[in-house]
Amino acid sequence: MSEISRADVEHLAKLAHISMTEEELTTMAGELAVIVDSVKTVSQAVSAEVPATSHPLPLTNVFREDVVGEVFTEEQSLLNAPDAQDGRFKVPAILDEE
């Protein structure tokens, strides 16, 4: 069993400002001990020969290559714009320039 005691749980509960009954403190000490023991067991199973993984299945890039296709000229892009200035779309100001 782990080294988690009832006093440890009581101390942590006080630090977290969690009020717990005597029964809850005792139960939580047992549950935390099981969790800590489980983590220890899993940690022992890991060895240097086993590479760390971030995903269980290999990932492949499904995106196509970024190839430049037909592009519009500046005049074509601004042809149907409601308002343009200096070769750019002109939009109403949303911030004051003060």
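Since the structure is predicted, the reported quantities are computational estimates derived from the model, not experimental observations. Heads up: numbering here begins at 1 and tracks the sequence.
- In terms of modelled atom types and a separation under 3.5 Å, the side chain of D86 and the main chain of R88 share no donor-acceptor contact.
- A donor-acceptor pair under 3.5 Å is absent between the side-chain atoms of D37 and the main chain of V34, judged by distance alone.
- With sequence neighbours excluded, no residue satisfies salt bridge (Lys or Arg N to Asp or Glu O under 4.0 Å) with E74.
- Rounding to the nearest 0.5 Å places CG of L32 at 7.5 Å from CG of L12.
- Here the closest non-hydrogen pair linking V71 and Q76 is O-OE1, 4.3 Å.
- Summarising the geometry of F89 relative to S77, their closest heavy-atom pair is CZ-O, 3.5 Å, with the distance given to 0.1 Å.
- L78 approaches G87 most closely through the heavy-atom pair CD1-C, 3.5 Å.
- Side chains of M20 and E10 form no contact here, defined as non-hydrogen atoms less than 4.5 Å apart.
- Rounded to the nearest 0.5 Å, atoms CZ (R6) and CD (E22) are 4.0 Å apart.
- Residue-environment remark: CG (N61) exceeds the threshold of 12 foreign heavy atoms within 6.0 Å.
- A 4.5 Å side-chain heavy-atom check between T21 and E24 finds at least one atom pair inside the cut-off.
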